[in-house]
Amino acid sequence: MRPSVHAARDESIDVARAVAILGMFVIHAVLVLATAVPTQGASGFVLWWCDGRAAATFVTLAGFGVARLAARYDHPQGMRVLHRRALVLWVMGVANLMIWPGDILRVYGVALLLAPWLLRLSTRTRVVTSIALGIAFPLLMTVIDWTQHWQLETLTYVGVWTPAGFVRNLLYDGFRPVVPWLAFFIMGTVLAEQDLQDARLWRRLLVAGSALTLASVLTSSALNQLLQQHAPQFDALTREGLVGTTSLPPLPLFLLSAVGTTSLLLGSVVALVPHLPRGLVEPLVAAGRRALTWYLLHIGLLMTLYAAGFRQQWSPEVAITIGVSMFVWAVGWSQWRRARPGLLERFMRWAAAGGDVARLAHRESHGDRRAHGP
């Protein structure tokens, strides 16, 4: 029996979150385990799609989930819930940073802290704020040397555990800094206000996503050729950093490409999920609803392999296969345990309830079993 169209549209967000998790599994497996990161051929295309853009989708969907969550509470209660979750995510993020320099949970913590204020802004103001964040980053680069604390050959950030370095890494020059990554979260709150049942929405997402992705890639290619001709002193790495679509540094062409690929993914799943077999949709939904748990567990597993001596030992194809295999296992486990939230999702809900076990049990007994992402 198929669910209602409304339920299927809501499930599409969980499926999109699961696909974003798959993308992060793949790119992280390659970064940790592969001897090289290919830029050509089928592997290069897959990794381009995953590099930063999977995380951007993840952050966008976090904004969507937070906006929908906040709508269920009155304002004072909603602020308490979001601030408690922000604190938990912040602590998780700092712990994760000890083993994974690309942590994104600290940005989530900041986003949830700001969410009550952001959600009071008009839709237009939030869109303008997102654009302003994208513009602010390259302007900051003109006055603050973004490369100063990086060893780019090894992607090592120096001084992150000093007070100034910790704040700077979080806000400006880390792997996933608040400026401009908060823009994705804000756009997710805008998406949450849209009617997922409206067929015009997914059509617009597909058209806009295709246009933005294509425009960013073509513009990047044209600017790269211009630099090769007129600024031959710049090597390939420098050109990629300046006019590429790489996530480091997160310049406007990367942001455009990430908004494009996120729009394409969301448009596709909103259109397709109501028509896909339940045997495929339900396991993906279950995995998407445990996104926080799988995000941290896959990092723990990869860094265990790293510590065991498997760092950059395999071909990119093998590393991609390992990432996909981890995802398949996560989907299977999620479906098997679908009646209960993931471990960390349950902890987040407990924290949001102020540690009140009775209140959490009451909410679950009244059908509030959905395990939201951060």
Practice task
Measure from the side-chain N and O atoms of R311 to the backbone N and O of V32, and report whether any donor-acceptor pair falls under 3.5 Å.
Solution key: no
Practice task
Mind checking side chain to side chain donor-acceptor pair (under 3.5 Å) for R53 and listing every partner two or more places apart, or none if nothing turns up?
Solution key: S257
Problem - Distance-only side-chain donor-acceptor flag, T35 / Q313, under 3.5 Å - result: no
Problem - Contacts of type side chain to side chain donor-acceptor pair (under 3.5 Å), residue T219, not counting sequence neighbours - result: none
Practice task
May I ask you to decide if L344's main-chain N or O and T293's side chain share a donor-acceptor pair within less than 3.5 Å?
Solution key: yes
Exercise for the section: Indicate whether the side chain of T39 and that of W48 have a donor and an acceptor atom separated by less than 3.5 Å. Expected result: no
Exercise for the section: Compare all side-chain heavy atoms of L248 with those of W146 and state whether any distance is below 4.5 angstrom. Expected result: yes
Problem - side chain to side chain donor-acceptor pair (under 3.5 Å) between T60 and T57, intermediate numbers included - result: CA-CA 5 Å; T60 301; T57 300; 5.9 Å; no
Handout entry: Backbone of Y295 reached by a side-chain donor or acceptor of H298 within 3.5 Å
Key = yes
Fill in the blank from the handout: Closest non-hydrogen contact found for L292 with E345 is N-OE2, 2.8 Å
Problem - Non-hydrogen atoms of F184 and L255 that approach each other most closely - result: CZ-CD2, 3.7 Å
Exercise for the section: Quick one: sort the W336 and W333 rings into parallel, tilted or perpendicular, breaks at 30° and 60°. Expected result: perpendicular
Handout entry: R176 side chain to Y108 side chain, donor-acceptor N/O pair below 3.5 angstrom
Key = no
Exercise for the section: Please list all pairs passing the salt bridge (charged side-chain N to carboxylate O under 4.0 Å, His left out) test where one or both residues lie in residues 96-105, with sequence neighbours left out. Expected result: D103-R106
Exercise for the section: Kindly say whether V217 contributes a backbone atom to a donor-acceptor pair with the side chain of S221 at under 3.5 angstrom? Expected result: no
Exercise for the section: Indicate yes or no: at least one non-hydrogen side-chain atom of S43 is less than 4.5 angstrom from one of E317. Expected result: yes
Exercise for the section: Indicate the ring-plane relationship of F137 and Y172, choosing parallel, tilted or perpendicular according to the 30° and 60° boundaries. Expected result: tilted
Problem - Ring centre gap for F175 and W150 strictly below 6.0 Å - result: yes
Problem - Heavy-atom donor-acceptor pair, H230 side chain to L226 backbone, under 3.5 Å - result: no
Handout entry: Sidechain-backbone polar pair: S247 side chain, P250 backbone, donor-acceptor under 3.5 Å
Key = no
Exercise for the section: Indicate yes or no: does E11 engage R278 in a salt bridge with an N to O separation below 4.0 Å. Expected result: yes
Practice task
Indicate whether any N or O donor in one side chain lies under 3.5 Å from an N or O acceptor in the other, for S12 and W202.
Solution key: no
